[in-house]
Structure formats: structure tokens, C-alpha cells
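This report refers to the structure that appears directly beneath it.
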Amino acid sequence: MYSATTDKALTCVDCNQEFSFTVSEQQFYADRQFSEPRRCPACRAIRKASRGDSGNSNYAGGDYGTSRGYDRGPREMFSATCASCGREAQVPFRPSGAKPVYCSDCFSTQRRSY
Ligand SMILES: [Zn+2]
Ligand SMILES: [Zn+2]
């Protein structure tokens, strides 16, 4: 018969923090033939709270960051056709059609020849 006498230190698989699996918890788990918890109480609570709203157990941030004032990326790139070599070029501005657009290769060649 299983009888716990001391708290056990377990390591949480989620946050890697040690947490104590207390004697009463050990008894509780043993009575129900549960295996030892793999997560600390905090992580278990998080999992419980997030359970059901996504099938993915990896909490990847979800709605985090939607309120950040970052609706433009670092730099928005547009694709255009290079006027020199005809390849696709990525340019940091919207091509107007009035000016020729060069790919980065041709652009640097042009610059150099000036
Ligand atoms: Zn944890
Ligand atoms: Zn080019």
C-alpha cells in the first residue's frame, strides 16, 4: 500500500520550475491511481483555462499582440518586374509605373555606373 510521508520535488515540463508534490496530493493521486503530475499548479491552471479554445496544446500566444500599434511591418515590400533584367524585384515602395523599377542586383549596378 502506498503511503507518502514526504513532499516530493517535481519539475514542471512546461516551465521547468520545481514544485512540490505534497504528501496530501500524493495520497490523492495514489488513491485515484493517477500518475504523478508533470506540471506545476500554475501551468496546470493555465492549461485548464486554455483547454477547449484550441486543439493545440502549445500555447503559441493566441490573441497576444493584437493591440500593439504595429500594423505596418518593419518594411512593406512590393513585387515588380525589373526594368533591366525582367526578373521579379522586391521594392520597398509601391511601383507607380511611371518610373522604372530595378531589382536589387540591377539597382546596385545602376548606382555604381553613375
Ligand atoms: Zn510550470
Ligand atoms: Zn534586374
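Each ligand, and each atom within it, is numbered from 1 in the order the structure gives.
Protein contacts to the Zn ion (ligand 1) involving N, O or S atoms at a distance below 2.8 Å are Cys12 SG, Cys15 SG, Cys40 SG, Cys43 SG. Ordered by chain and number, Cys82 SG, Cys85 SG, Cys103 SG, Cys106 SG make up the set of protein N, O or S atoms under 2.8 Å of the Zn ion (ligand 2).
Although no hydrogens or angles enter the test, the distance criterion places a donor-acceptor pair under 3.5 Å between the side chain of Glu25 and the main chain of Thr22.
Looking at residues two or more places apart in sequence or on another chain, you find a ring-ring contact (aromatic ring centres under 6.0 Å, His included) between Tyr29 and Phe21, Phe34.
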Donor-acceptor pairs are to be reported for all side-chain atoms of residues 91-99 against protein atoms at under 3.5 Å, with residues two or more places apart or in another chain.
{"residue": "Ser96", "atom": "OG", "partner": "Ala98", "partner atom": "N", "Å": "3.2"}

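At a threshold of 4.5 Å between non-hydrogen side-chain atoms, the residues Pro37 and Phe19 count as touching. Contact check for Arg39 versus Val13: side-chain heavy atoms found under the 4.5 Å cut-off. At a threshold of 4.5 Å between non-hydrogen side-chain atoms, the residues Thr11 and Asn16 count as touching.
To the nearest 0.5 Å, the span separating CZ on Arg44 from CG on Asp14 amounts to 11.0 Å. Distance check, rounded to the nearest 0.5 Å: CZ of Phe107 to OG of Ser84 gives 12.5 Å. Note that the NZ atom of Lys8 and the OG atom of Ser20 stand 12.5 Å from one another [nearest 0.5 Å].
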